[in-house]
Amino acid sequence: MPEYSSQEQTQDSNYNFGNIEKKWQTFWKAQKLFETDLDKLNKKKKFYSLVMFPYPSGDLHMGHARVYTISDVISRYKRMTGYEVLNPMGFDAFGLPAENAAIERGIHPADWTEKNIERMREQLVKMGTSYDWKREVVSCRPEYYKWTQYLFLKFYEKGLAYKKESPVNWCKDCETVLANEQVENGYCWRHSNTLVQKKNLSQWFLKITDYAEELLQDLQKLTKWPEQVKTMQANWIGKSEGAEIDLKVENSAETITVYTTRLDTVFGVSYLVLAPEHPLVKKIVTENQKAEIENYKQKTQQLSDIDRQSEDREKTGAFTGSYAIDPYTQTKIPIWIADYVLANYGTGAVMGVPAHDLRDFKFAQKYNLPIKWVISSQKLNKNIKIEKLKASDNLIEAKKILEEYFDFREKAGIKVSVANKPFEELIEEFLADRNGFWLFKLNEKVIGCVAVHKIENNDLACEMKRLFIKPEYQRNGYAKTFLEFIERWAVENNYTEIFLDSHQILETAIKMYIKLGYHEIKAYNHNPDANIWMKKKLNALVQYGYLINSDGFNGLSSEEAKTKLIEYGFSNNLTFINDLEKPEYKKIAQDLLTEYVSSLLEQGVDQELVNKYLKDEIADGNHLTWLEKEFAGDKKAFFIVQEKISHKFIGCIGIRPLNEKAGELKRLFLKKEFRGKSYAQEIMDYSQYWLLNNSFSEVFLDCHHKQLAAINLYKKSGFQLTERYNNNADDTFFKKILAENNIPSLKNSFARKKIQYRLRDWLISRQRYWGTPIPLAYKENGEIVTIPEADLPVKLPVNSKDLKLASNDDWKYFTDKKTGEQLIRETDTMDTFICSSWYFLRFADALNQDKPFDLDLVNKLLPIDQYVGGIEHAILHLLYARFFTKALRDIGLLSFDEPFERLLSQGMVTMYSAKEGKTVKMSKSKGNVVGIDEFVYEYGADSARLFMLFAGSPSDEIEWSVEGAKGQLRFLNRIWRICTGSFEGSTPISLNIDKIDLTVSELPLAKASSENKIGLAEKTLLKQIHRTIKSVSEDLHEERYSFNTAIARMTELVNEMYKYLQSEDFKLLNEKSDYTVLSFAINSLLRLLYPFAPHISAELWEKLSKNRSNLHEQNWPSFDPAAILDNDFELVIQINGKRIDAITCAKSLSKEELEKLALNNSKLQTKLKDQTIKKTIVVPSRLINFVV
RNA sequence: GCCGGUGUGGCGGAAUGGUAGACGCGAUUGACUCAAAAUCAAUUAAGACUUGUGCUUGUGGGGGUUCGAGUCCCUUCACCGGUACCA
C-alpha cells in the first residue's frame, strides 16, 4: 500500500466520498471560509455572485440543485482568481404553501417555514455550496419585512403606490388576486388548471408604468444578459407608437377617440368598434338597436376571459345604430361594438380597416361592411390609369388589345380556343354583373388588360382572365400591379378566392404567381389548353406600402403618411411645414421673416432695438443664414404655417432648445390679415405639442412689452411671467411647464401622436395572511393613514387561532397613539414578488437594524456581477427587481440603474416520468425526482455536481441520467487512484505536489536521448498539463461558461496521466522514485478541479501536500504558453479542400518548403495523377490546399 | 400569426471558416476472476467491397458565397420556448 500519504493513512484506499464531503463541509464552516470580508475590498476586487431567491419548499432534488452548482463553480473559481466574493443565500419565505400546510397540519406557517429553511440549508451545504450564511435573509421574519414595509411607505410617499378599483385577476384556488404577470394564458401561474376570473375590487398598485420607457430603454445597457430574456421583457412592456384620432358622433355632442398604429390606412375605415364595456355605448345606442346591444353585452359578460380571447372564435359584434364622422373624409361610418376590442387597451375603441387588417377583414365579411383598398404594395406610376369598361363605352380599344392578346398567345405556341368567339360576345361576358374588364393605360396609351369573371355556381370565387401586357411593356413590373389591382377589386367585391390558369410555357408568369401566394390546384374549369391551375385565398393586405385612394396623401409611403396625417389632423385649419431644405420654402421663410421685422416696427418697437436684437438676422437683408444656424438640425424646427383651405402661407414659428429639457419659441408671427381667427393660439398649441413629442418639458418665450395682444395670448395659454433667461434687456419673459395632460385641448385638433404600452401597473394586494402586511390603516371615514416608521414592523399575528387578517378583529382594530382615534388596518398583504424585488440589496448589509441597507455598502457591493436563475422569471421577478432599483434610485436610496450586470438563465433538469410517459421537467408531481439526500449518499455531491455541469451547457436543458452520473464517479475514482497510488500495477510511490511550476528543462529525463523515445511521454504529459490549464481557464471565462468542455479537458488530462503511468518513462523513473512530472500534473489537476468537485480536491490536496497547505489557499494555476508550442505540426494536405493525408513538418519551414514536402507525398501524387495544379493555398501551421 | 432558439453517431454532446464526431454514456471484445462486479486495455458515424496505411457518403432539405462551410448568406422543413383578438 502507498506509503506516501503524508497525513493520516486511511484504512482503505477507496474513495470514501461520504466521510470526505462531511469532513470538508464542517471544516469550511468552522474556518468561516466563505464569509465576505469587506476590509479586503481595499486590495481586492469584489465579485457579487447570486442565485435567485429560492422558496423554501423543503426537500430538494437534483432539478433544484443545478442552479446552485453552476453558481457555486463560478463563486469558487472567482475566489481562486483573486476576487473577494460575496455569495449570500436567503429564502423567499412568504407564500401560499405555508398557509396550506398550516391548515392541513394545524401548525403556524412560521414554524413550518422555519423548519423547511433549516432542512433546505442542510441540503445546500450537502451539495458543497459556498455561501456566506452570516448574511442569510429570510423574507418572512419581522427583521426583514419591517424594511419591506418601510420601502412600501417610501413608494407611497413618492406617489408610486396607489389604490384603485378595477377589474382584477382572481384565482379561486389562491383565494387572492394576481398581477397580470402571474396570469399565464388565462390560467393562474400556480394553478395551471384554474381559470383566472375578473373581479371588481379596490386594490393596491405600484406605478411600474411610470418606468415603462426606462425599463425598455435600459435593456440596451444589459449587454451581458441573454437576448431571449431581453426580448421577452421588451415584448411584455409592449411599446407601440401610433396615433389617437377623435371622431364626432353624428347628431350628438360625443366624441369617440380611437387608438391606431396604422393611421396610414385611415382612408380605408369602414366602421368603428367600441369595447362592449365602453362607457359611451350607453349614450350613443339608438332606440332601435338597444335590445340587440344589450343582448350582445350580456352574452359577452357570460364568456370567460379565456373564451373571449380564444383567437379562432368567430368575430361577433352588434351595431349601435349610430354613426361617426370621419374627420379626414367627412363620411359617415357606422359604430359597432365587439368583444374582440379590449376595454383596457388604448382607448377601448378601434377603427375597422378591413382591407388592411386580418381581424377587421373577417369582421367585415361577416357583417357585410364595405372594404376599401387604400394601401398598395407597389409604388404606382402616376401616369398609369386603370379604366373599367362599361357597356356604353366605345369598345374599339378593347377589341384591339384582345386581338393583340390572341396574337401574342398564338406566337407563343398556345392555342386559344375561344378565339373563334366574336369579340363582342367575349367582352359582353366580361361586362356582366360582378365581372369586369379593364384597360391599363400609360400616358393615355393602352399597355395591357385584365378581366375578371365570376365562377359558375360559386358566389365567393372569381377567375382572372386575359391578363395581358403588351410585349414592349413587359419586364417593367406592371404585372404585379395588375394582379394586385384585380385581387383588391375582388376583395372589395366580396370575393374570397381568386383563380387563374396558365400555360406551362409561361414559366416566368407561373413563378410570379407562386411568389404572390398562388398555389397549384387541380382543374377548376374545363379549359383544355391550360395545364396549370392556380388559386389564392384573398385576405387583407397588411404590409406597409404606398397610399392610394387617400385624397391629398396618395403616393406617400406608409411611414411618411403616418406623420403627415397626424400633422394634418392636429389642426383643421393649419398645416405646419418644417422643411427648410426645399428652396421654395426657403423663399417663403425669408419673406415671412422680412415681414416679421416690419410688423415689429409697425407695432411701435423702436428701430434701434430691432436693429440691436435682430442684427445678425437682418444684417444683409437675408435671413437664411441665420435661419439655418438657429433652426436647422436635431431638436430644432422652423415651421411655415399654411392655411389648409386657401393654401396661403400665413405665418411662422421657430423652436430651438434652451437646454436639455427646455425649448424656446422664436419669431412667432402671423400676417396681419390672418390675425383674429385664433390661429395664433393654434400655432402656440402646435409648438407645445411638438416640444412634448421631442421630449422637452418646459417652454420659454420672450416678447416685447409693447406687443400687448401677444402678451395676453401667452397668459391665456398658461404661460407665466418668469425671470429673464436671455439677454434681451427690454423684454417680458414667459415660461410654461409642459406635460402630456397639460396640452391645451385643441379646439380644432382631431389627431395626435400617442405612445402606448402594454405594461400595466403592478397589482400588489393579496388577500392572504402569510405575507408582508401593507403598513397602512383607515380612519372610519375611509381616509388612509400611514403607520409611522417607529411603529414598524406591522407584525403578523403570532399565536392567534385566527390567522386570517381580515377576520381577526384583535389585529385589525387599534387605537392611534397620538390622536386616540380608532383605526382599522389594511388587511391585504403584499405580493411576495415585493420581497424578492429588493433582497439582493439587503445582502449587502443584512444585519443593519437602523435602515434597510447602507447606501455606501450597497453602492460598493452592487450591482450583482453574476446572477443565475430560471428562465421562468424572465419577466416577473427580473422586471420587478429592475423597477424597484430604478424607483429606489429616484427615492434616493441607491445610485445605480440596473441591479444585475450579467445574467445566466440555467436550463431545467428533465427526466423520464413513468406517470407522463415521456421526459419532462424534474418535479415531485411528475414523480420523476432524484432526491439530493439519496443521491449524495450513494454517489457523493462531487459526482452530482460534475454530472450536472457535464451534461450540457448551463443554459440548455439537461436530462438526468444515473449512468451519466456514475460515469463522473468513475472519473473521480480514477483521480483518486492516481493520487493514492492504488492504480493497477502500481508500486508504492511518494508524491510531493507542493511545487507549482515545472519547465521542460526541469523534466527528469530531459537530457535522455530521444532515439528510443525515452523522455517523450513526460514531455507529452507536461504539454498536456499546460494545455489543460489553458483551455479550462478559457472555458471558465464568463463569456463562455463552458463547464462541460472544461470537465472534458480534465478527463483528457487524466487519460493522459494513465498513459504516462504505462510508459517506459514512468517505469524508468519509478525505479528512482522520481515523481516530479506526476506530482506537477496532480497539483495542476486538483487546482483546476476544485471549483467543480471541491471536496475530493481538498481532500487529496491535504493528503499530498507535504507543506500541509490547504487547497482553498491556492491560486488558480497559470500556464506557460511556451510549453504548449510545438516545433512540429501536422500539415494537412488537401485537394480542393478535401483531406488527402497529413505529414509532420517543422514550424520553421517556409511556404515553399512546405509545398515541396507536400508535393512529394505519395498519396497526393497518386491522387493528382495527370491533373494540373491551378492554385496552392497554404495556411501557416495548419494545411496546404491544392486547387486542381 | 409574431418574436426568439435548436436541428451533428444508438444517446448526452465537442468543433476561432481549415483533419466533423473531442469528452462522457451505452455497446462489443480481451485481460484479471471459479464467477460476477469493479478495474485495466482495445473497438465503436454509415455503406459497399477487392477487408485496405484503401474507397464512397455524411452535420434536417434545397441553393449560394469561398481554394475550403456543421460554422457565413438566401430559401425551405421539423421541433422547442415565449407571446397574442394589444388595434
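Computed from a predicted structure; not experimentally measured. In what follows, chains carry the letters A, B, and so on, assigned in the order in which the sequence lines appear, proteins first and then strands, with residues in each chain numbered from 1. The figures here come from the full heavy-atom set of this structure, side chains too, leaving out hydrogens, waters and symmetry mates.
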Output the rounded distance in Å from [atom1] ([X]) to [atom2] ([N]).
X	N	atom1	atom2	value
A:N973	B:U39	CG	P	7 Å
A:M911	B:G12	CE	P	17 Å
A:F1043	B:A14	CZ	P	13 Å
A:N344	B:A84	CG	P	13 Å
A:K230	B:G5	NZ	C1'	15 Å
A:D357	B:C2	CG	C1'	14 Å
A:I1047	B:G12	CD1	P	18 Å
A:Y15	B:U39	OH	C1'	17 Å

If every non-hydrogen atom of [X] is compared with every non-hydrogen atom of [Y], which pair is closest and at what distance?
X	Y	value
A:I371	A:A364	CG1-CB, 4.3 Å
A:D264	A:S558	OD2-OG, 2.8 Å
A:G242	A:Y259	N-OH, 3.4 Å
A:A349	A:I256	CB-CG2, 3.9 Å
A:Y912	A:N928	O-CB, 3.5 Å

Using a cut-off of strictly less than 4.0 Å, decide whether [X] has a side-chain nitrogen or oxygen near OP1 or OP2 of [N].
X	N	value
A:Y259	B:A87	no
A:R970	B:G26	yes
A:R359	B:C86	yes
A:R974	B:G24	no

Is [X] touching bases, backbone alone, or none of the nucleic acid, heavy atoms closer than 4.0 Å?
X	value
A:N1044	sugar-phosphate
A:N1055	sugar-phosphate
A:Q756	nothing
A:S953	sugar-phosphate
A:E963	sugar-phosphate
A:S961	nothing
A:G952	nothing
A:V1187	sugar-phosphate
A:Q1062	sugar-phosphate
A:R1049	base

Using the [atom1] atom as the reference point in each nucleotide, state the distance between [N] and [M] in Å, no decimals.
N	M	atom1	result
B:A37	B:C49	P	36 Å
B:G10	B:U65	P	32 Å
B:C2	B:U76	P	12 Å
B:A69	B:C3	C1'	28 Å
B:U29	B:C67	P	50 Å
B:U8	B:A78	C1'	15 Å
B:U33	B:C40	C1'	13 Å
B:G18	B:U71	C1'	11 Å

Whichever of A:E959 and A:T347 has its nearest RNA chain B nucleotide further upstream toward 5' |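 Result: A:E959.
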Assign each of A:F1186 and A:T1051 to its nearest nucleotide of RNA chain B by heavy atoms, then name whichever residue's nucleotide is nearer the 5' end.
->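 Mapping each residue to its closest nucleotide by heavy atoms, the 5'-most match is A:T1051.
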What nucleotide among [options] has an atom nearest to a side-chain atom of [X]?
X	options	result
A:V1179	B:G18, B:A87, B:G24	B:G18
A:E1052	B:C23, B:U19, B:C85	B:C23
A:V341	B:C40, B:A87, B:G18	B:A87
A:A1048	B:C40, B:A22, B:G24	B:A22
A:V1132	B:A87, B:U19, B:A84	B:U19
A:Y340	B:G18, B:C85, B:G24	B:C85
A:F950	B:G68, B:A14, B:G24	B:G24
A:A951	B:A41, B:C85, B:G12	B:G12
A:Y345	B:A87, B:A15, B:U19	B:A87

According to the Watson-Crick and G-U wobble definitions, with both distances under 3.5 Å, which nucleotide is paired to [N]?
N	result
B:G7	B:C77
B:A20	none
B:G54	none
B:G1	B:U83
B:G30	B:C40
B:U59	none

Would you indicate whether A:K230, at its atom NZ, is surrounded by more than 12 heavy atoms from other residues, nucleotides or ligands within a distance under 6.0 Å?
->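 Yes, because the 6.0 Å sphere around NZ of A:K230 holds more than 12 heavy atoms from other groups.
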Flag if over 12 foreign heavy atoms under 6.0 Å of NZ, A:K1030 =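 Incorrect, the count does not exceed 12.
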Is the base of B:G18 touched by the side chain of A:Q1134 through a donor-acceptor pair closer than 3.5 angstrom?
->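 Result: at least one qualifying N/O pair found.
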Go through the N and O atoms of the side chain of A:K966 and the base of B:C25, and report whether any donor-acceptor pair is under 3.5 Å.
->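 Result: no qualifying N/O pair found.
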Fit a plane to each ring of A:F935 and A:Y939, take the angle between them on a 0 to 90° scale, and name the class: parallel (under 30°), tilted (30 to 60°) or perpendicular (over 60°).
->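 A:F935 and A:Y939: tilted rings.
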Evaluate the ring planes of A:F363 and A:Y367, with Trp represented by its six-membered ring, and classify them as parallel (under 30°), tilted (30 to 60°) or perpendicular (over 60°).
->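 It falls in the tilted class, 30° to 60°.
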Please confirm whether A:F950 and A:F971 have ring centers closer than 6.0 angstrom.
->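 When the ring centroids of A:F950 and A:F971 are compared, they turn out to be at least 6.0 Å apart.
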If anything within 90° of 0 is syn and all else is anti, what is B:G10?
->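 Glycosidic conformation of B:G10: anti.
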